[in-house]
Each structure stands twice: as C-alpha cells, then as structure tokens.
Amino acid sequence: MRRYSGISSHSPGDNIFKFPYLPPSMGPLERYRKRAEEDIARVLRSWGVEIDVCVEEARPGFGDLTFRCFPLARALRDRPDSIAYRLCEELRPEGFERVEAVGGYVNFHLNRRAFTADVLREALNETLFYFPPRGRRVVVEHTSANPTGPLHVGRGRNPILGDTIARMLRAVGYDVVTHYYVNDMGKQAAVLMWGVERYGVEASGKWDHVYVEAYQRAYEGYDEDEVAELLRKYEEGDEEVSRKVKTVLSRVLEGIGETLASINVRVDRYVWESDVVRSEYMRRAMEVLGKLAEVDNGALYVSLDKLGIRSEKDRIYITRSDGTTLYPARDVAYHLMKSDEGDVLIDVLGEDHKLHGAFIKAVVEGATDVIVEPVFYSFVRLPEGRMSTRRGAVVYLDDLIEEAVERAAEEVRKRRGDMDPDELMEIARKVGISAVRYNVLKVQNEKPMVFRWEEALNFEGDSAPYVQYTYARASSILRNYEGEISTEPPSEVHPSEWALVKAMASYRSVVEAAAEKRSPHLVARYARDMADAFNAFYRDCPVLQAGGPARAYRVAIVTAYRKTMERIFDIIGVEKTEKM
RNA sequence: GGGCCCAUGGCCUAGUCUGGAUAUGGCGACGGCCUCCUAAGCCGUAGGUCGGGGGUUCGAAUCCCCCUGGGCCCGCCA
C-alpha cells in the first residue's frame, strides 16, 4: 500500500483552520492521528519545545503512523534517532498497541482489531464518507468550447477534469454549481454562421457533427467583411441574425450536451456570452476595468505590469477603437456574474489561457471578495502534432466513446457470451465510458498527453475496468452470501485484510487532499490502490469458504469495500457494475 | 527573443507544493497460476546516471541557479 500524506489536522490548508465554526469531522484515522500528535506535543512541551506536531501515515513496514524527529535535532541539540528513542520512552498514546523508535522516526502501531472494527462500522453506516457542509459555494466552469462543432479529445480533458473537480468538492461538503460559458459572440461563431448561410447543411444525426462541416468549409475561405458584418449585427441584437445564430448554436450545443451526458459530465447552467454582455454585469465590468485602463487610439487596454503579471505581452485590450468590447472585458463581466453565485470560482482552462486566467484573477479578485482559481491542463496531442477542428486533424470525443464501448462489448462477449444482450450492452457502456474517463483522470492535468488509441482504450492494468472488476468480484461474493455480518475481527487481522482496511480508512484524507488541491488524479490513483488491496485480500483471504466467525467478518470487509468504492466511483464518474 | 508549463527503466506514469527510512505502479518482454468466492485477475524475473551541470543541506527526484529538449503564450481573435 501507498502512503498518503493527506492533510494533517494542523496543516494550514486544513478546513478546520479556515472555518473554525464547523464541528470537527474526523474519521478513525484522524482520531488516532490526533491522539498521537497530542501525546507527542505533551512530551515535547515538558521538554520546553512548543511546535506544531505533524504525524504522517507511515509507509508499509514501518507501523501505521509516524513522526519524524529530524526537524527537532537542532532545537533539542540531539541526534534524531536519540530523540526518537527518548520520545518513545515517555509516550503513552491511547489506542495504540506499541510505539517504537526506528532511525529518526517514531512509529506508531495501531491496535489492529479495534481499528478494523472502527473502520468497518463507520464504512457500513457511511459516517466514514460524511463531510459536514462547509457553507462555501463554488462555481466550477468547464468545457466552454466554442459551439462550432463536436468536442474533440484535444480538449477532452476539460469536461472530465472539471466534472471530477466538481464531484470532489461536493464529496467534501462544498455547494457546487457547474457552468458552461457559451461563446456566441466570437468570431468563430460568426464564421460558422457564414458557412451555414453559404453552404447550408444536411440534417443527418447529431447537430454538432452536422454543422462542423459548414464550419470547416467556411474556414477554407470566408469573406472577412461579411463575417464582421454578421458579428456586428449580432452584437447589435439584429433580430433576424440573432434568431438564426441562436438556433444554430443551440443545436450544436445540444449535440455537445449529449456527448457530455454520455460520459457522465453534468452541466448545471449554460451561460451565453451575449446575455452577459447585455446584463448589468457588463456595465459593472467596464466600471472596474475603467479604473485600470489606459487609452490607445480610442481602444482601451490594461497594462499587465500594473496587475503584477510578468509577461512579455504588456497589455490586454478590453475594447476596440470603435468601442465594442473584447473577450477579456466580457469575461470579467461573466466572472462578476459568477461572484454572486460562488465564493470560489474555479475555471478549467487550456494551457493557452494561462495569461488570460492570470488577468481575470487579478481583476476580479481586486474588485470582489471571491477567489478566482484557474485550473490548467495541457492539450492532448496527436502523435503528429496538435489537433485542429479546422484542419480536420481530430479525434472526436464521440468517436472515442463509441470505439471504447464497442471494444468493451467485445470483451464482455468473450467472457459472458451467454448474457442477455441488453445487459451485456449496458455493461459495455459502463466499462467503455469509465475507461475513457479514467484514462484521462489518471494523469496529472499539466502533463502533456499524446493520444494513442491503444492507450485511450486501455482495459487492463491501470484502468477503469481493472478497478470495476474488483467491484464485480466483491458483488459476486455478496450475491452468494446470506446471513449476518460482523465488524469484529474474530482473531488476529490478516495482513491483506489490514492493508485493505487501512486503504479504506484513507478515504477521508485522500479525498479531502484531492479536493483542496484540485487534483483529480489523486482519486484515480486511490481507486487503483484500493483495487490492488482488494485483489490481494481476494487472493489471500477466502470469504465464503472461511470457517466460523471469520466468514461473517470477511463479508463485512467486502461490504465495506463495495461501499467505499461506490463513493470513489461517484467522485471520478466511473460506473459500478455487479457483473462483467 | 521573452514568459509560463513539462522532462522519472523500451513506452506511459506516481512521488515534487510540505526535502528524510528500500524511487510508485502500469504497458511491453520473459517464466509460472483457472477440479478453488469472476484469469479485465494473481505470482515471479529482467529493466532506473529521477534530462545535464553546479549549489544549499547531516540528507535532494523534491529547494535555488545555469543549460538542453518538448509544449503553450506573446492579436483592437477567443
């Protein structure tokens, strides 16, 4: 098992520190950690040392919790291993079997039977997963792709990351609402409209795929003036143009929405740029920006230097010479709108928006008391280079999803050929879309990714199906069991049982750390580690064949595992399946 | 040219924020395991100058500086 540093009860990032009015929410591991920390603090105080004691989860083979003595060496003028030894002499922490000094560490060993019973009980009654409401609202804006065609995997990380960040935050007690910002006033939208007018479209299937052809053709050569004219008319609210644009973009958006829904991505609200521009927020945005802006030939710009942003580019223009607003200004307005809905505004943005993100953050935080937090990801590239809708060098998300589900169906058929076809397809859908999500989530946001079919469709090893498979195994055991279950280990806890119990106990610290760091890959990694631990347990500890009271107890472990995995699946948007 | 991001075995990747006890897993390769709760699984073997060079430190994949390679940005586009 891996060790999770998590968040200690004393780290500055801790929500108890930030929101002191909330009741402390502690799982079993946090309770023991706190006891260990308090006991160490007690001893250190008696030695005249007053520090923030931070006990960590130990790595395997070194007990369960650990305290590093190295940082104390200077203050105590003693060697770390000697400090550890002296500490052990005086420590009397409650609930631990033993405490020992190894090297410069103090290692705490939990009472395994008692801890196991605690974890199982709290997993079964679900208090293990409960976080009290924080009274903080978060708006997560993600995807926000120009509605000119289908989503492609180049930006495919955006919806999956954004949706998972929203789910993580909900899981730890935030009120979360997700937004999709619809860029209807941009040039791209106008080019699409120009293409539609010029070439028309043939309705055949999903609208996003239908319209993208007109968009691509338009890009081969459009009339600059006519596009500008369209843009101007739309911005002025010309009735006929507005109606046409809204119809077309809504249809494309409908297609995009279907794609999102198919991979369990939920968008609570679509906010149209044109609505923002015509709202009170636009006026307020210009007021805010007016205080920062300078004039160049009639156009307004904000100098980045003034905002404390280091960049070669020295200014960001917010209006044209003719007075019409530019994207940065409109986005400030949109963020002012969001600031009414949330205390923290998270924007999931491609790496090309880094400067823009810094600009918005500086301006909006200067004008309101909300926190703006851009989360960046790097594009998924093709082996031959960047994806581009215009050039047609793309893999559409829809095609990836379809391929994944088809491949999953083949795999299920191989193993469960006798299964009812509807059930089989349902399992294939769950496996396929989960695989797509997982393969994106398992890699850190800012790592560059190259799209390769064989990796995107990976169904074994570090993959969703691997993790789902353990859930199916657990389900299979429970299907074949009838009777009582017991959370009390009847005898010594088996090492594989222990590893699994500890993995479950990490739920709180892992999920909380992932949420606070906006790092979905930590939860994907955790799902994998849980599955590893379950597979070891499955290998070493027969459940249904176990004799005596061990059976009811191991069934409790399996039940707790399933419940924990359901929570984890829910956070990363992976589907559970009882058979596969 | 400047700014930001990335660099870990053949390939992909964790750990980097918050420096410490044997650098995490997976894919691929090789060798094993289905009369036994689902083999999308399990066990074992081989494979590592943590991009390079300096520095800080008792201790560096982790912090600082320089360099190299790749990505992104540098528009009165969005």
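Chain letters run A, B, ... following the sequence lines, proteins first and then strands; every chain starts at 1. Source: prediction; values computed, not measured.
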Inset, instruction - Look through every strand shown and name the nucleotide pairing with B:U62 as Watson-Crick or G-U wobble, where both distances are under 3.5 Å. - result: none

Legend entry - Under 3.5 Å on both distances, the Watson-Crick or G-U partner of B:G1: B:C74

Inset, instruction - Verify the contact: side-chain N or O of A:Arg539 to OP1 or OP2 of B:G41, cut-off strictly under 4.0 Å; return yes or no. - result: no

Inset, instruction - Examine the base of B:A40 for any acceptor or donor lying under 3.5 Å from a partner atom in the side chain of A:Asn535, and report the outcome as yes or no. - result: no

Inset, instruction - Look at the side chain of A:Ser463 against the base of B:A40 and say whether a donor-acceptor pair falls under 3.5 Å; ignore hydrogens and angles. - result: no

Legend entry - A:Tyr438 vs B:U13: side-chain N/O to OP1/OP2 distance below 4.0 Å: no

Legend entry - Sub-6.0 Å ring centroid separation between A:Phe459 and A:Tyr466: no

Legend entry - Phosphate-side-chain proximity, A:Arg473 and B:C42, N/O vs OP1/OP2 below 4.0 Å: no

Legend entry - Whether over 12 other heavy atoms sit under 6.0 Å from A:Glu454 CD: yes

Inset, instruction - Would you please confirm or rule out a distance under 4.0 Å between OP1 or OP2 of B:G15 and any side-chain N or O of A:His521? - result: yes

Legend entry - Whether over 12 other heavy atoms sit under 6.0 Å from A:Tyr481 OH: yes

Legend entry - Separation between the C1' atoms of B:A23 and B:G70, rounded to whole Å: 24 Å

Legend entry - Distance test, side-chain N/O of A:Lys447 to OP1/OP2 of B:A14, below 4.0 Å: yes

Inset, instruction - Tell me whether the OP1 or OP2 atom of B:G15 has a side-chain N or O from A:Gln444 closer than 4.0 Å. - result: yes

Legend entry - Qualifying residues under salt bridge (charged side-chain N to carboxylate O under 4.0 Å, His left out), relative to A:Asp305, sequence neighbours excluded: none

Inset, instruction - Figure out the CD/P separation between A:Glu57 and B:G15, and round it to whole Å. - result: 15 Å

Legend entry - For B:A29, the Watson-Crick or wobble counterpart (both distances under 3.5 Å): B:U45

Legend entry - Same-atom distance (C1') from B:A61 to B:C76, integer angstrom: 46 Å

Legend entry - Cation-pi check, A:Arg157 onto A:Tyr377 ring (under 6.0 Å, within 45° of axis): no

Inset, instruction - Pull up the glycosidic torsion of B:C34 and say syn or anti, syn being anything within 90° of 0. - result: syn

Identify the pairs formed between an N or O of the protein and an N or O of nucleotides 76-78 of chain B at a distance under 3.5 Å, and give each distance.
unit_1, atom_1, unit_2, atom_2, d
B:C76, O2, A:Ser321, N, 2.7
B:C76, O2, A:Ser321, OG, 3.2
B:C76, N3, A:Ser321, OG, 2.3
B:C76, N4, A:Asp296, O, 3.4
B:C76, N4, A:Ser321, OG, 3.3
B:C77, OP2, A:Arg320, NE, 3.0
B:C77, OP2, A:Arg320, NH2, 3.3
B:A78, OP1, A:Arg320, NH2, 3.4
B:A78, OP1, A:Arg330, NH2, 3.2
B:A78, OP2, A:Tyr327, N, 3.2
B:A78, O3', A:Asn183, OD1, 2.1

